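Values below: all heavy atoms of this structure, side chains included; hydrogens, waters and symmetry mates excluded. For the single chain, residues carry numbers from 1 onward in sequence order. These figures come from a predicted structure and were not determined experimentally. Each ligand, and each atom within it, is numbered from 1 in the order the structure gives.
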Amino acid sequence: MRLPTSTLLALLPLASCQLDYWAKKAGLKYFGAATDTPGFRERAPFPQSYSKYDAIFADPKEFGQTTPTNGQKWLFTEPEPGVFNFTEGEVVAGLAASTGKILRCHALVWHSQLAPWVETTEWTPDALRAAIKRHVAGVAGHWKGRCYAWDVVNEALDEDGTYRKSVFYNVLGDEYIKLAFQAAAEADPGAKLYYNDYGIERPASVKTAGAKRIVKLLKDAGIRIDGVGMQAHLHADNHPTMQDHVDTMEAYAALGVQEIAFTELDVRIKVPVTPKNETKLAWQKESYQFVAEACVRVKACVGITLWDFYDPFSWIPDVFPDNGSALLWFEDFTKHPAYDGIIDTFKRLAANGTRAVTTRRFRA
Ligand code: XIL
């Protein structure tokens, strides 16, 4: 039987199984992908990919949320003291609006990609307090009402779980964290305020203990913190189990944060990744599925954000040269096995009504 083209086109969305569509069926608020300014940084060498990339990104059933991977960082938003520039950040904020996606905003106070003046100034505590307040008020104030959530403080912990010795910590100690959250709450009362970090996805990790300490620090001071963002830059060959994710998220929720999100998910594979290595891709698939399932099983988990979705645009090979293929679309735009794995997980959990009967502990 020959079907008319219009019928075939109508069937297409189902045939390609979109991520946000199935995440929502399973009970999440969104499944999203971070993106960057077209033509910039990692993506600059691949102009031939832009039209296919843009079409996938724009599909509202594929991605219901986005985050700018760079444009809202201090380096771009306040390059000189008190001089604000929102041009870069507006690119992805504009894409979110034009493609109907929830916007997560990233990141107000972070030691990396800082404007150079922040690190070269000889600060008195009062002057740095004022600079943090001005930055947060300026940036969160500019996007007021448009950010579903803000990563207010990013990566305040060192690898050993103690506070990272950033310029902020060295001058102000943990007070800078309180200041940043207070200023963000004043600047954008409607945005969910998150602490965001990597390596905080396993229950026994020293960094998870550090993240809990930060939540308590704020709660004890009566300062609003709404969420913990687990960046989840994972490794295919040694990834957290589903139960690890569940236990970690339950521990954050038990401290009184309303929500938790996977904010920068990618699962790196050690090179060589081509020719396509089935074993490594199977580990990666399992890792992505554990994240998807855990998020559905923990009521406080609102959604999952990939740190971009197309391998050539990933930050991983640039920063960790022995790793790659961390996302869900290969360079030739075929999908990783993990893509169907995530969809299958959402479909199964949606059919079982898992979200509605979430238990505090789950054993497979
Ligand atoms: C990365 C960007 O993706 C890169 O383009 C940039 O060169 C470096 O930063 N944790 C974070 C993100 O919170 O902001 C980082 O993003 C990746 C690690």
A.B. asks: When you measure from atom 1 (C) of ligand 1 to every protein heavy atom, which one gives the shortest distance, and what is it?
C.D. replies: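 The protein heavy atom lying closest is K73 NZ, 3.7 Å.
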
A.B. asks: For the 3.5 Å polar cut-off, considering only N or O atoms, please tell me whether E42 and ligand 1 meet it.
C.D. replies: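 N/O-N/O distance below 3.5 Å exists for this pair.
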
A.B. asks: Can you check side chain to side chain donor-acceptor pair (under 3.5 Å) on E80 and W117, steps first, answer last?
C.D. replies: CA-CA 7 Å; E80 300 296 334; W117 63 270; 5.4 Å; no

A.B. asks: How far is atom 6 (C) of ligand 1 from its nearest protein heavy atom, and which residue and atom name does that atom have?
C.D. replies: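 Sorting protein heavy atoms by distance from atom 6 (C) of ligand 1 puts N70 OD1, 3.4 Å first.
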
A.B. asks: To the nearest 0.5 Å, how far apart are CG in L327 and CZ in F309?
C.D. replies: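 Result: 9.0 Å between the selected atoms.
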
A.B. asks: To check your reading of the model: name the closest protein heavy atom to atom 3 (O) of ligand 1, its residue, and the distance in Å.
C.D. replies: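 Scanning the protein heavy atoms, the shortest distance from atom 3 (O) of ligand 1 goes to W307 NE1, 2.9 Å.
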
A.B. asks: Between N154 and ligand 1, which residue portion shows a heavy-atom distance shorter than 4.0 Å: side chain, backbone, both, or neither?
C.D. replies: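 The answer is the side chain.
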
A.B. asks: For the 3.5 Å polar cut-off, considering only N or O atoms, please tell me whether W110 and ligand 1 meet it.
C.D. replies: no

A.B. asks: Could you say whether the N/O atoms of E264 and ligand 1 ever approach to under 3.5 Å?
C.D. replies: yes

A.B. asks: Is there a path of hydrophobic side-chain contacts, each under 4.5 Å between heavy atoms of I, L, V, M, F, W or Y residues, that connects L128 with F181?
C.D. replies: yes

A.B. asks: Any idea how F86 and F84 line up, ring-wise: parallel (<30°), tilted (30 to 60°), or perpendicular (>60°)?
C.D. replies: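 Ring orientation, 0 to 90° scale: parallel.
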
A.B. asks: For the residue pair F46 and F313, does the interplanar ring angle fall in the parallel (under 30°), tilted (30 to 60°) or perpendicular (over 60°) class?
C.D. replies: tilted

A.B. asks: Under a 4.0 Å threshold between the charged nitrogen and the carboxylate oxygen, would K280 count as salt-bridged to D237?
C.D. replies: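 Salt bridge between D237 and K280, a charged N being under 4.0 Å from a carboxylate O: no.
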
A.B. asks: N/O to N/O below 3.5 Å, does that happen between H106 and ligand 1?
C.D. replies: yes

A.B. asks: Do R146 and E90 come close enough that some side-chain heavy atom pair is under 4.5 Å?
C.D. replies: yes

A.B. asks: Taking only heavy atoms of E155 into account, list the atoms of ligand 1 that are under 4.0 Å away from them.
C.D. replies: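 By the 4.0 Å cutoff, the relevant atoms are 10 (N), 11 (C), 13 (O), 18 (C).
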
A.B. asks: Numbering the atoms of ligand 1 from 1, which are under 4.0 Å from a heavy atom of Q231?
C.D. replies: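 Answer for ligand 1: 10 (N), 11 (C), 13 (O).
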
A.B. asks: To which protein heavy atom is atom 8 (C) of ligand 1 closest, and what is the distance rounded to 0.1 Å?
C.D. replies: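 Here the closest protein heavy atom is Q113 OE1, 3.6 Å.
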
A.B. asks: Regarding Y288 and E293, is there a side-chain donor-to-acceptor distance under 3.5 Å anywhere?
C.D. replies: no

